[in-house]
Engineer: 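A single structure is presented below for examination.
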Amino acid sequence: MKSYFTFILIAFLSIQSCISQDRKFTGYATAVVNGDEVLKVETFGLANTEKKKKYSKNTIQPVGSVSKTVIGVSLMIAKEKGLLDLDKDINEYLDFKIVNPHVDDSNIITLKHLATHTSGIIDNKNIYESAYAYELSPKISLKTYLYEHLNHNRKSVKKSFSKKKAGVQYEYSNIGAALAAYIIEKVSDKPFNEFTEEHIFKPLNMNNTAWFYKNIDSTQHSILYDEKDQAIRPYSCVTYPDGSLKTNIEDLSLYLIELIKGYNGNSTLLTKKSWVELYAKNFDERKNVQNISPREPNTGLFMAYFKSGKIGHTGSDLGVSAFMMFDPKTNIGQILMANEDLTSDNLERFKKIWNELGK
């Protein structure tokens, strides 16, 4: 579902004017950081309208596709451990075979293709929406879901691929991102949620961050709201690495600080060489990748470059809106996370909040 709202999330980036304030969001948090510390954190509105519970610094919610940046960092950690090569055929790491049925045998899909959304794997609407359920945790494993829809001998596999070879066309794919996370599971012999907890969340003291409801303080989790301000029942997604990261504004601020440090070669979470590779722009005139959005003209490994020059990611899901990015020239980072869908009705408010953060 995340990809269907991306155009709304990034639409305001080319608009610089300030819009008058209103009260369009139920609850949200904002933060401004640099490469050393949190400069400002503010919270507004309610985390639970029925109980009149305020949205606070401790409020936990999903952040949608901002989660994908964690896959990028995890890929580099796994590479440093000698577990994978971003340029090798992904079938070298899988326990089932993935082949694009629309192209010839010369086509090879790599982890770099997955991390730059150029693999040829697409989000068929029906297939991707089937990953969601109004349950506290997924009922099937990530492997089962990916096998069902990507394994070369399944009947439905054609629906999961474009007719383009890998590396030719950009097509945002949540399923492709989840596949990258599954490969990390395979090569590390550890579930992706445990891998990230050990190698990212614990080292950064992100103590209120996890992928599943069972691993967070449920009393701090916000109710999520739709565009009509109606509460949404708790839900889960089988392809959880693509957008189900649950965190609060304080933890996400710590993470963004580390991303800024890494960009400047000051983080020990990865080596300087790995940080450079994580952020390296993958598209240029020589590669001639098709279908690039002018609003997001380039990408690192699950790290988007925006027309404004900022680096980061946006996120959207049922009852979720989120932005996390930083300016590489000033090293100032901004976060906005809200417990409500981003729609045409509240887009003006979102733009106003974001523009105010940048001042």
Side-chain angles (χ1 to χ4, degrees), residues 2 5-47 54-57 59 61-69 222 224-225 227 229 247-257 259-260 263 293-299 303-317 319-359:
K2 304 165 191 72
F5 300 103
T6 300
F7 75 99
I8 296 176
L9 281 167
I10 64 177
F12 76 91
L13 289 174
S14 61
I15 302 175
Q16 300 301 319
S17 59
C18 290
I19 312 296
S20 59
Q21 291 192 21
D22 55 28
R23 297 174 179 268
K24 294 293 186 180
F25 280 103
T26 304
Y28 64 93
T30 63
V32 179
V33 307
N34 59 24
D36 298 307
E37 61 185 343
V38 177
L39 302 177
K40 180 173 66 174
V41 169
E42 295 184 300
T43 59
F44 305 85
L46 299 173
K54 291 184 178 181
Y55 196 112
S56 75
K57 296 178 182 179
T59 299
Q61 69 158 81
V63 290
S65 289
V66 170
S67 309
K68 291 182 176 67
T69 64
S222 175
L224 305 179
Y225 296 90
E227 68 276 6
D229 296 329
T247 189
N248 62 23
I249 191 65
E250 292 190 325
D251 275 17
L252 197 58
S253 295
L254 292 175
Y255 179 60
L256 181 54
I257 289 171
L259 293 182
I260 297 171
Y263 184 85
S293 169
R295 296 190 182 96
E296 294 182 37
N298 222 311
T299 185
M303 291 287 179
Y305 280 80
F306 296 90
K307 186 179 180 180
S308 64
K310 293 180 180 180
I311 307 169
H313 219 290
T314 59
S316 180
D317 215 337
V320 174
S321 306
F323 263 51
M324 181 192 74
M325 59 185 73
F326 68 94
D327 187 331
K329 294 180 179 179
T330 65
N331 291 325
I332 298 297
Q334 301 161 236
I335 300 170
L336 194 164
M337 50 195 288
N339 61 5
E340 188 169 330
D341 288 346
L342 187 61
T343 67
S344 57
D345 185 51
N346 57 28
L347 180 60
E348 300 299 332
R349 176 63 175 138
F350 200 93
K351 289 187 291 188
K352 172 62 177 177
I353 298 166
W354 190 257
N355 288 335
E356 288 294 327
L357 275 180
K359 291 183 177 180

Engineer: How many angstroms lie between CZ in R349 and OH in Y28, if you round to the nearest 0.5 Å?
Structural biologist: 3.5 Å
Engineer: As an exercise, state the distance from OG of S308 to CD of E296, rounded to the nearest 0.5 Å.
Structural biologist: 10.0 Å
Engineer: What's the separation between atom CG in L252 and atom CD1 in I257, rounded to the nearest 0.5 Å?
Structural biologist: 10.5 Å
Engineer: For the residue pair K307 and P297, what are the closest heavy atoms and their distance?
Structural biologist: N-CD, 3.8 Å
Engineer: Centres of the F25 and Y225 rings: under 6.0 Å?
Structural biologist: no
Engineer: Y255 and T69: side-chain donor and acceptor closer than 3.5 Å?
Structural biologist: yes
Engineer: Can a donor-acceptor pair be found, under 3.5 Å and without considering hydrogens, that links the side chain of N339 to the backbone of L224?
Structural biologist: no
Engineer: Ignoring hydrogens, what is the shortest heavy-atom contact between A29 and Y55? Give both atom names and the distance.
Structural biologist: CB-CE2, 3.5 Å
Engineer: At their closest point, which heavy atom of A31 faces which heavy atom of V41, and how far apart are they?
Structural biologist: CB-CG2, 4.0 Å
Engineer: Would you find a donor on one side and an acceptor on the other, under 3.5 Å apart, between the side chain of E340 and the backbone of T26?
Structural biologist: yes
Engineer: Contact between W354 and Q334 at the side-chain level, heavy atoms closer than 4.5 Å - yes or no?
Structural biologist: yes
Engineer: Evaluate the side-chain proximity of Q61 to V320: yes if any heavy-atom separation is below 4.5 Å, no if none is.
Structural biologist: yes
Engineer: Can any side-chain N or O of T343 pair as donor or acceptor with the backbone N or O of E227 at less than 3.5 Å?
Structural biologist: no
Engineer: Report yes if the side chains of T30 and L336 come closer than 4.5 Å at any heavy-atom pair, otherwise no.
Structural biologist: yes
Engineer: Could you measure the distance from the OG atom of S222 to the CG atom of N248? Nearest 0.5 Å is fine.
Structural biologist: 11.5 Å
Engineer: Hey, which of V66, V63, I311, T314 is the one that makes side chain to side chain contact (heavy atoms under 4.5 Å, CB included) with M324?
Structural biologist: V66
Engineer: Find the distance between CD1 (I249) and CG (L254) and round it off to the nearest 0.5 Å.
Structural biologist: 10.5 Å
Engineer: Is K352 salt-bridged to E348, cutoff N-O under 4.0 Å?
Structural biologist: no
Engineer: Heavy atoms only: give me the nearest V33-S253 pair and the separation to one decimal.
Structural biologist: CG1-CB, 4.0 Å
Engineer: Can you find a heavy atom in the side chain of I332 that is under 4.5 Å from one in the side chain of N34?
Structural biologist: yes
Engineer: If you measure from NZ on K57 to OG1 on T43, what distance do you get to the nearest 0.5 Å?
Structural biologist: 7.5 Å
Engineer: Which heavy-atom pair separates S321 from F350 by the least distance, and what is that distance?
Structural biologist: CB-CE1, 4.0 Å
